[in-house]
Every structure is written in structure tokens, then in C-alpha cells.
Amino acid sequence: MSSKKPFYITTTLPYVNAEPHIGHALEYIRADIIARSKKLAGYDVFFNTGTDEHGIKVYQKAKQLNLDPQKYVDQASAKFREILPLLGIATNVVDIQFNFIRTTDSNHIKSAQAFWALVKKNGDKAKDGPYIYKKNYSIKYCVGCELEKTESELVNGRCSVHALQDLEIIAEENYFFKFSAFQKRLLELYADRPDFVIPGSRLNEIKAFVERGLEDFSISRLASKMPWGVAVPDDSDHVMYVWFDALVDYISAIGWPDDVVAEKKVSGAFKKWWVETGGVVQYCGKDNLRQQSAMWQAMLMAAELTPSKTIVVDGFVTGDGGIKMSKSLGNVINPLDVVKEYNADALRYYVAREISPFEDSPFTLEKFKEAYNANLANGIGNLTSRIMKMAEANIKPVKTKPTLAKEFTDAINCYDIKSACDFVWSKISALDVLIQKEEPFKKLKVEETKAGAIILIEELIKGLAEIALHLEAILPETSFKIQECIKLNKSPTVPLFMRK
RNA sequence: CGCGGGGUAUAGCAACGGUAGCUCGUCAGGCUCAUAACCUGAAGAUUGACGGUUCGAUUCCGUCCCCCGCAACCA
């Protein structure tokens, strides 16, 4: 049994209706950098991600393709699972327990049903309950799309694809969650924990939203119309609508509720990853702020579980000039294309340092190339070559024991990945300056100064090793290569990053 | 009066009640260990507009203009 402190981080589960895109890559990479940094800082890390696979869009899509829904989601989920190693995500790293959950996994389904049943039970005896109740609900249905439409999908109250057809209003009786009962407790949570949502501007946003008043939301659909979902406990006419299904993954992933029974024992996974960590750190896009920081937290309260630890909210990746990426504008970046042309670390670098940790940022191939040449090829790549060349020819292998810098861990603790990178690159720049100032390459040629030059080169190696240590979190592959060079006292056989 | 973010050098960003910084690009010089790389220096900004508070405002307050998201199931 490890004595290390546990740390639990998760991404939002992407809905498999769409193909993996740059936003998913961004979130994976960010969460991965935090996970690896925590590992470096001595934590035992649980890293969760996966896919959200139920619901009408997936069901319809499978029907269109004439596929069994399960077959369809198997394929769709695999696409997400497969890109993870290509992005350098820690699917197989010591001290990082990686988990890929699918909402169609049988243990997740069991967990979601148990969660529903628990919330129902708690609500039925609560003063402000019931928490789950039935109510008539009218959905807007587009006959052309054969799909239910949400308000945000409508243009002038009509389907954007079938604007000439009137939407059908279909009333059905659904289960609702009594979100409104949790307004006060949510506001208390936000007030008590100023770091609950990062960045602070997003905390203000969700606070303002909750203060305006909450509407109960629908949490089931009629199975007769849409069978592709988790069955509601004790009512086979209904399946769960996304919330009580997908959001529960953050606890089903760590063994809830099975391990709650075992919570009295020390070894329960839920106890370790939820109770001892103070909850999960959740990455999400800014469009998911409400779901993660309000709805899910209210659900946890209803289940009498402690809230998440922190919600870290990403901005969006945009095209040039802050314009939304879209196929018609041709400014969509496919992360796999970037990885193919450069490599995973190059993409990770760009995501970590050139894209704002919390605000929208543009991503263009021009900017990418510029940043790549300046900071990877000319920066860390070139620095490694110049130091190792001198080392290889003049010194014996140096043993180093670099330590993690406080500036770095401080930045990571604030989820400020960009600042953490800035720190590392300031070290890179400092070594370049030092070499120029001290000119060991000149001193080597003169007998009287040679000894001093050798000491200096050993110092440079130590500096490089320190950089490599920090890069384990950001550019794991590159870090490994640098550490190998240092160990073997050899300059890289091929440049770490070829100039483009 | 729905909510939020933003407007700073060519571009992308940072900062802050007290000399407005960084990266890319441009120009000049240096170096030769290194991937035409690296180092030093220079040019380049009435900090969106107008008012207010202040000894002092890019920063705080007010009004306005412009851009961009969100507005209950898109990272």
C-alpha cells in the first residue's frame, strides 16, 4: 500500500456523436499535464476520461447507419480511446492510474441506477424533497430531423435545417430533478470555496447564474421513443436522460457505490480517491460550466456526497482572429494532422504555452509553426544539442538529481500551465545566455581555462537535467530523450525538433 | 435593462494606483559549442472614446463605441 497522497483528475466525457477535435485534445493534454505534474510532485494519481454514449443523437445516428447502437458506440468510443496515446496521454505511466470509462459499461450503468435510487430515497424523506418527481414536459421535435431540438439549436424558433417545417410540440411525462432545492447550498459552496471554480471569472458567472434562480431539469425520456439509455430504477417506461447517467461517471469510475459499503474499511477506492483527495478535479469547456459546477454539485448534495474539489474551465480554441472554427470557413484544425506533421510533444507545447489556460485562444498552423521553430527547434532542441556536443567531447557522464522548482509547482497548483511553462523556458533561455557569456567552447581550447570550462559544462548538464525533469509533465517524450542523452553523455543522433 | 469575456507596438499576449513588459516579425552588431541556430542592442504604444476620483489612472468609478462567446444537455 502506497503512502503517497492521492490526487484525482478527470476530463469531461465527450459525447461520441462528434469526431474527436482540437478541443478534446486540449482538454486531454491539460489534464494530462496536471496529472503528470502531480505525479512528479509525489502524488499517487488517478486520471479518468472516457466517453458519453447514450441519448437520442447517438441512437438516431446508429439508425441512420443501420447499425446496432452498441456497435456504433463501440466504434465511436474507440476513436476517442485511440487518440490518447497519440497525444502522449499517460495511459501507461507508473503512479498514474489511468481509467477510460464508457457510460455503456455495466458497472457504470449499475452505479448510475444506484445514484438515482439514492437521490430518490434521500429526497423522499427530505423536507425540501422529493428530489425526483414526475412532471409533464414538452419537447420541441423536428419531423425533418426526426430529432428533439434544444432551444440553442433553434434559429428564430425553428429548426435551422428544416426552417419551413413547423416544430412539433410533444408533451410527455418525465422525471425531473429538483435542482431548485439546492440554490442556497450551491451559493454557500461558492462562497466557502473561492477556488472551487477556476478561473475566478467563471466562478462569478456561475454564482450569478445560480442567484438568478434555478429551474428543475428533466432527467428521463420515454423508453418507447428513445430506448438508448440507462433504465430508470423501478420504472422500465423511462430511461435516464444524460445528467444522471453521464455525470455520475466521476464516481462510478472510482468504484461508487460498491466501495461505499467498504468505506468503513481503509482500502475502499472511493474513500481513497474521493474522500481523501477532497474530491475530483474536473476539467471542462466553458460551455459545460453549469453542468459541472452547479447541476452535478447539486446532484452530489442530493446524494449526500461531498462536492468535487475543483472545476477548471477551459476557453475555446478558435480560428485566426478569434473566429469560431467551422468547416465552411476551412479553419478547422485536426489535432491528428498536427501530430502527424510534427509530433505529440509539439502539439502539447502549443496547447500548454501558446494557448491561454482559461481564455479563448486562436490556433493557426502559421502560429503553430512559428512557436515550434522558436521554442522547440531553436529553444530546447538546439540547447540540448549544443550542451551535449560539448559534454560528449569533453566530460564524463554526470549524475544528477534535479528537484522540482517551487515556481513550477505553485503554477501547477493554480492550474496555470502557461506560467509553469514560462518558468521552464526561462531556464532554457538562461542556459543559452550563460553559454554565450562564459564561452566554454573558447575556454576549452586554452590549457589554463580548460578545467573551468569542464566544470561549467557539468553545470550546464545539471541545468539541462533540471529542465528535463520539469518537461516530464509537459513534453514527456522529449524529456525522456534528453534524459537518455545525459545518461549516455551523447548528443542526440537526430535533432530533437527538426526545424520546419 | 438576460449573463459573461475582451479592446495595450505589425501581429499574438502580459502587467499594474507610481519608468507600460514579453514572444514573433523588422533593423544593427556579436559569437562559432549548437538545428542558418545562440547572445547583445535598437526602432516601434496619446493602453477603444469621453468624463470622474487621485499628487499621480493603462489600472478604480461612470457613460458610450466596437468585437466575441453564452442564453439549460458542443471541450
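Chain letters run A, B, ... following the sequence lines, proteins first, then strands; residues in each count from 1.
- A:E215 comes within 4.0 angstrom of a nucleotide base, judged by non-hydrogen atoms across all strands.
- The aromatic rings of A:F363 and A:Y350 sit tilted, their planes meeting at an angle between 30° and 60°.
- To the nearest angstrom, P of B:G12 lies 17 Å from CZ of A:F363.
- Side-chain atoms of A:T12 and A:E27 include a donor-acceptor pair closer than 3.5 Å.
- With both ends at atom P, the span from B:G7 to B:A49 equals 13 Å, rounded to whole Å.
- Between A:M295 and A:F316, it is A:M295 whose nearest contact on RNA chain B lies nearer the 5' terminus.
- Here the nucleotide nearest the side chain of A:L26, chosen from B:A75, B:A72, B:A11, is B:A75.
- Using atom C1' as the reference point in both B:U63 and B:C24, the two lie 37 Å apart (nearest Å).
- Rounding to whole angstrom units, CD of residue A:E366 and C1' of B:G25 are separated by 14 Å.
- Across the strands present, B:U23 finds its partner in B:A11; the criterion is a Watson-Crick or G-U wobble pair with both atom distances under 3.5 angstrom.
- When only modelled atom types and interatomic distance are considered, A:Y372 and A:E354 share no side-chain donor-acceptor pair under 3.5 Å.
- For A:P362, taking side-chain heavy atoms from C-beta onward, the closest of the listed nucleotides B:A72, B:C13, B:C3 is B:C13.
- Relative ring orientation between A:Y175 and A:W116 is described as perpendicular, the plane-to-plane angle rising above 60° on a 0-90° scale split at 30° and 60°.
- Whole-Å rounding puts the A:F80 CZ to B:A75 C1' distance at 10 Å.
- Nucleotide B:C64 has B:G48 as its partner under the Watson-Crick or G-U criteria, with both atom distances under 3.5 Å.
- The pairing partner recorded for B:U58 is none, the criterion being a Watson-Crick or G-U wobble arrangement whose two distances lie under 3.5 angstrom.
- Looking only at atom types and distance, the side chain of A:T478 has a donor-acceptor partner in the side chain of A:D345 under 3.5 Å away.
- Annotation: B:A11 and B:G2 have their C1' atoms spaced 35 Å apart (nearest Å).
- Classification of the A:F177-A:F217 ring pair by plane angle, with boundaries at 30° and 60°, yields tilted.
- Taking the P atom of each, B:U19 and B:U35 are spaced 43 Å apart, rounded to whole Å.
- Side chain of A:A208, nearest nucleotide from B:C3, B:C24, B:A75: B:C3.
- Checking A:Q483 against A:S479 by side-chain atom types alone, a donor-acceptor pair falls below 3.5 Å.
- Look at B:G69: its Watson-Crick or wobble partner, with both distances under 3.5 angstrom, is B:C3.
- Taking atom CG on A:N204 and atom P on B:G6, their separation rounds to 11 Å, with Å as the unit.
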Legend entry - Contact letters for nucleotides 29-37 of chain B, in which S counts primed atoms plus P, OP1 and OP2 and B counts the base, heavy atoms under 4.0 Å: -BSSBBB-S

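- Atom-to-atom, CG of A:N375 to P of B:G12 comes out at 18 Å; the value is rounded to the nearest Å.
- Note on A:V313: nothing from the nucleic acid sits closer than 4.0 angstrom, heavy atoms only.
- At the heavy-atom level, A:V433 lies under 4.0 Å from the strands shown only through sugar-phosphate atoms.
- If you measure from atom CD of A:E211 to atom P of B:A71, you get 20 Å, rounded to the nearest angstrom.
- Taking the six-membered ring wherever Trp is involved, the centroid distance between the rings of A:F182 and A:Y131 falls below 6.0 Å.
- Using C1' as the reference atom, B:U40 and B:U46 are 31 Å apart when rounded to the nearest Å.
- At the heavy-atom level, A:F179 lies under 4.0 Å from base atoms of the strands shown.
- Taking atom P on both B:A75 and B:A43, the two are 48 Å apart, rounded to the nearest angstrom.
- Rounded to an integer number of Å, the gap from CD1 of A:I83 to C1' of B:A75 is 12 Å.
- Summarising the geometry, the separation between CD1 on A:I56 and P on B:C74 is reported as 13 Å, rounded to the nearest angstrom.
- Comparing the same atom, C1', in B:C16 and in B:G56 gives a spacing of 14 Å after rounding to whole Å.
- Of the candidate nucleotides B:A75, B:C3, B:C39, B:A75 has the atom nearest to the side chain of A:N288.
- Listed here is the closest heavy atom pair of A:P307 and A:Q297: CB-OE1, 3.3 Å.
- Counting non-hydrogen atoms under 4.0 angstrom, A:G315 reaches a base of the nucleic acid.
- Using atom P as the reference point in both B:G18 and B:U23, the two lie 23 Å apart (nearest Å).
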